[in-house]
Amino acid sequence: IELGHDGGFHAMAARRQGEERVWEREKGAGFDRAHRELVGWLRPDDVLVAHNLHRFDRPAIAERAADSPLLRLPTIDTL
């Protein structure tokens with residue numbers, strides 16, 4: 001998830017086995033749509049991977065969607 005300094009949504013992306021999905025505010029996607037479509041794309045064996053995941057991405061998602069299935073995925077933080 002990419003947010004501006006004001007906390008506004010900019011983009012979200014996901015990748016699985018060479019397939020990539022990108023949601024960008026500039027192309028009309030807001031957090032709600034990006035989150036909904038990403039959750040719909042999830043598989044039971046997915047892992048959430050991000051840089052600074054535990055200190056940034058997870059709290060940002062939890063603030064916007066406290067019951068998000070993304071928050072229940074196993075995680076790898078690359079920081």
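A pairwise comparison of heavy atoms in Trp23 and Phe9 identifies O-CZ, 3.9 Å as the closest pair. Closest non-hydrogen pair, Arg64 versus Gly7, comes out as NH2-O, 2.6 Å. Residues Gly4 and His10 approach most closely at N-CD2, 2.9 Å, considering heavy atoms.
Residues Leu70 and Leu38 form a side-chain contact, since some pair of their non-hydrogen atoms from C-beta on lies under 4.5 Å apart. Side-chain atoms of Arg16 and Asp46, non-hydrogen and from C-beta on, do get closer than 4.5 Å to each other. Under the 4.5 Å side-chain criterion, counting only non-hydrogen atoms from C-beta, Pro69 is in contact with Leu42. Counting heavy atoms from C-beta on, the side chains of Asn52 and Thr78 never come closer than 4.5 Å. Side-chain contact between Ile76 and Val47: present, with at least one pair of heavy atoms (C-beta onward) separated by less than 4.5 Å. Between Val22 and Glu20, the closest side-chain pair of non-hydrogen atoms falls below 4.5 Å. Under the 4.5 Å side-chain criterion, counting only non-hydrogen atoms from C-beta, Ile1 is in contact with Phe56.
Rounded to the nearest 0.5 Å, atoms OG1 (Thr75) and NE2 (His54) are 3.5 Å apart. From Met12, atom CE reaches atom CZ of Phe31 across 4.5 Å, with rounding to the nearest 0.5 Å.
Using a cut-off of 4.0 Å between Lys/Arg side-chain N and Asp/Glu carboxylate O, Arg15 and Glu19 are scored as not salt-bridged.
Judged purely by atom type and a 3.5 angstrom limit, Arg58 uses its side chain to pair as donor or acceptor with the backbone of Leu71.
Glu37 CD: more than 12 foreign heavy atoms inside a 6.0 Å radius.
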**Message:** Working note: Leu53 + Leu48, criterion side-chain contact (heavy atoms from CB on, under 4.5 Å); need CA distance, chi angles, decisive distance, verdict.
**Reply:** CA-CA 8 Å; Leu53 174 67; Leu48 189 60; 3.8 Å; yes
